[in-house]
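Report on one structure; see the data block that follows.
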Amino acid sequence: MHIPDVLLSGGAAAATAAVGAAGLAHALRRVDRRHGPRTTSLMGMTAAFVFAAQMVNFPVGPGVSGHLLGGVLAAVLLGPWAGAVVIAAVLIVQCFLFQDGGVTALGANFVNMGLVGAVGGYAVYEPIRRALGGRRGILIGSMVAAWFSVLLAAGAFSIELGAGGRREDFLRILSWMALVHAVIGVGEALITGLVVRFVLTTRPELIEGPGAVEVEAEPSPGWASPVVAGLAVALAVAVFAAPFAASSPDGLEFVGEKFGFLPDEEAPPLVASPMAGYEAPLGDLGRVKKLATAAAGLIGTLTVFGFAWGMARVFAAGDVKREALVDAV
Amino acid sequence: MADASALAVTSAVAPAVRLAGLVYDYPDGRRALDGVDLSIAAGESTALVGPNGAGKSTLLLHLNGLLPGRDGLFRRRPPSVWIDGLDASRHGAEVRRKVGLVFQDPDDQLFSTTVLEDVAFGPLNLGAAKAEARRLALECLERVGLADAADRPPRHLSFGERKRVCLAGVLACEPSVLVLDEPTANLDPRGRRRFLELIGSLPATKLIATHDLEMVLEICPRTVVLDAGKIVADGPSRAVLDDAALLEAHGLERPLSLLVGR
Amino acid sequence: MPSDRPWRLDARVKLAGAVGFVLAVVLAPPGSWRYLGVLALALAAAVVASGVSIPRLLARWLGFLVLVGFLAALAAGRVAESSGLSWRLAALDLVLRNGLALMAMTAMAQVTPWTEMLWAMRRLGMPPALAATLGFMYRYLFVLHDELTRMTVARRARSFGRRGLGFGALASLIGVLLGRALDREERVFAAMTARGWDGVPRTLDD
């Protein structure tokens, strides 16, 4: 989701612009060191590819469709910093040509999708790929990373949007963003997985590269590292995912409060937090409920994580018939 | 083969293009070029024909040092490509300056945002000042008849026009050897005619890889047949292209104009 | 050479003007309705003068309205607290100001071709390597989009009236596109190298 103009506070916009510019400069240097004169064509073409791939609409339901975001896919193909540069190029074109994302929020959008999404996503991908090894590692790693990249980007988004406001406002933003993006993340993981699986079957050299044989030959460093990495990220996510996971988010309540013309002087939040129902001032009982909420959030997050993991393993297990894939050409 | 060496000897200076025992393997290990010997005198127009996958495009890429050795995959081999007497593996920059390569798909070659920027790309990279590069680019666009398209984005041009812009972009580098990969492929008859006249009017040494044997008869006095990475025939175009048995053995057909009488 | 191309000077003015306008909108304190009214009039004047299609401008604004409304609802609490506005007015303020910013950028994009915008960005300080990448990306965006369209048509032609393509088929479409894009990149890079490319972007301007 691209942040439009005006919605960020001035401070948040300025801070993310500075971080984004520094991050992009660093990413450009890293990419240039790795690819040299090839940087322009490789980044430009991959950015064009991601942009074009985003135009492919995946039907989700009646009137609803989703599309690939591509940050993790680009990072898996070309490395984390190249992935960030690719996302930056896509964001700039989207901002100036299609007004998708505000020009004063460009820094924030790049921080979320480029630095947190692509680079952070790669940080999730790499240990999993290494631990599992081979194509299974690439596939499962990229799917899990895709889910996390969306959710982490949403978390960063919430921080930026809520910066300078009250904690309750921030939590409300966080819970809604996490709720929406946990679902979007499943779509991203699914599409990323399908594309990566297809490429691994038909053109493995694009992902595995010339060093792939050595990677395969390496003894896998065991399960410790992915489990630790996975749990660490899951815990981080759980902190902000807690509110949504704990309550059954009451859509009707949300709509009612949005259009229900509640008395103005009470200044109720325009969008109620999905966990609003649990915020009753019940003293000790309230604290217990909050703990339960956090625990439920943790469990919820781990469940989704497990779901993504399981889905990825099912994907990896099924041997794809080449015939069916070549059909796509 | 006899022809080739005879030509090499008659030219007093070094041949424009000389290949000696050129061997190249694809990254997956398949052999692409299997000991190619070829010598082309300055000013000569030579056709390179052969079935798909014979190694034609691979051979062309060797002529300006693009192969082997990209991505740091250098393999130590004895030198096997010389342009005007310069070893291509050691004098990459100079060799690229001398050899102009026109690719088959113009979209592979027109990467700039406007036609003028694209044509000026070569001169700018080869060290020309901006004013000089602009002048040269406009002049080359004039030569291919597209001066008025200078400020347009390449995607707004027809296939034939894009093809001519590619040629202009290569001419702007002022090469002494012009290498063309399938110059007439996908062109409509008028576009093809126009492109052929353009190529024919250029004084540079030419090596043209193609399936268009009628074109070969028209603008290339000499034909080299490449199959499975080896040169299997080399001689005057009329003789080579009239050899039905040879052509059939290598997946080619006698051009119609030779069948219906000259 | 801006002297023989007056429109190029324009692109810089247009770009800087639009971004400056957005900054003016963004930095306006919430609830400064009169100030926003002046800005809106200025924008309207610029739009009328430049001949931008007003329906298209409004359509673009409406297209983003749901998303902006949702986010404004989320952020209104923060704005209300800092400005003393009621949350409803705060949300309205966010939506209106965003509308002004969005329409200014839309109007600018409509009258400034991308090549000119890119040129202006480069002149206004964008790193040349990034500008070169953006130019390259834009060039091949259309090539890849055409390829995607051709592949989709080919798929449809063989699906014999069955409903739309499934997830797997769509993903494989993207996979094929990826392969073709990277293959093309290899050829383009060869073509660039053949004409002396060494990684340093050089242009005819400046």
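Per chain, numbering begins at 1; letters A, B, ... match sequence-line order.
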Test A:V72 against A:V76 for side-chain contact (heavy atoms from CB on, under 4.5 Å), laying out the working first.
-> CA-CA 6 Å; A:V72 166; A:V76 166; 3.9 Å; yes
Quick one: what part of [X] sits under 4.5 Å from any heavy atom of chain C, side chain, backbone, both or neither?
{"X": "A:H2", "answer": "backbone"}
{"X": "A:M55", "answer": "side chain"}
{"X": "A:D32", "answer": "neither"}
{"X": "A:V195", "answer": "both"}
{"X": "A:A163", "answer": "backbone"}
{"X": "A:S158", "answer": "neither"}
{"X": "A:V90", "answer": "both"}

Hey, which of C:E185, C:E186, C:R184 is the one that makes side-chain hydrogen bond (donor to acceptor under 3.5 Å, both in side chains) with A:S41?
-> C:E185
Minimal non-hydrogen separation, [X] against [Y], with atom names:
{"X": "A:A105", "Y": "A:L8", "value": "CB-CD1, 4.2 Å"}
{"X": "A:G193", "Y": "A:M143", "value": "CA-CG, 3.4 Å"}
{"X": "C:A107", "Y": "C:V47", "value": "CB-CG2, 4.2 Å"}
{"X": "C:L100", "Y": "C:F21", "value": "O-CE2, 3.7 Å"}

Pick from [options]: which one has the most heavy-atom pairs with chain C under 4.5 Å?
{"options": "A:T39, A:L68, A:I92, A:V85", "result": "A:I92"}
{"options": "A:V199, A:V103, A:T192, A:N57", "result": "A:V103"}
{"options": "A:L24, A:L28, A:D100, A:V196", "result": "A:D100"}
{"options": "A:G36, A:P37, A:G165", "result": "A:P37"}

Measure the shortest side-chain to side-chain distance between [X] and [Y] over non-hydrogen atoms and say whether it is less than 4.5 angstrom.
{"X": "A:V93", "Y": "C:W114", "result": "yes"}
{"X": "C:L144", "Y": "C:R180", "result": "no"}
{"X": "A:V50", "Y": "A:L69", "result": "no"}

Would you mind checking which part of [X] comes under 4.5 Å of any heavy atom in chain A, side chain (CB onward), backbone (N, CA, C, O), both or neither?
{"X": "C:L15", "value": "side chain"}
{"X": "C:E81", "value": "side chain"}
{"X": "C:A181", "value": "both"}
{"X": "C:Y140", "value": "both"}
{"X": "C:M105", "value": "both"}
{"X": "C:Y138", "value": "side chain"}
{"X": "C:L134", "value": "side chain"}
{"X": "C:D198", "value": "backbone"}
{"X": "C:T106", "value": "both"}
{"X": "C:L67", "value": "side chain"}

Under 3.5 Å donor-acceptor, C:R78 side chain and A:L161 backbone = yes
Is the backbone of A:L78 close enough, under 3.5 Å, to the side chain of A:R34 for a donor and an acceptor to pair up by distance?
-> yes
What option among C:M192, C:M121, C:E147 has the most heavy-atom pairs under 4.5 Å with chain A?
-> C:M121
One option among C:G199, C:G77, C:G175 has the most heavy-atom pairs under 4.5 Å with chain A, and it is C:G175
Salt-bridge contact A:E205-A:R203 (side-chain N to carboxylate O under 4.0 Å) = yes
Less than 4.0 Å between a side-chain N and a carboxylate O, is that true for C:D93 and C:R97?
-> yes
Contact list (residues 23-38 of chain C to chain A, heavy-atom gap under 4.5 Å, by number) returns C:L23, C:V25, C:V26
How are the rings of A:F98 and A:F51 set to each other: parallel, tilted or perpendicular (split at 30° and 60°)?
-> tilted
Under the side-chain hydrogen bond (donor to acceptor under 3.5 Å, both in side chains) test, which residues partner [X], sequence neighbours left out?
{"X": "A:Q99", "answer": "C:R60"}
{"X": "A:T16", "answer": "none"}
{"X": "A:D5", "answer": "A:T104"}

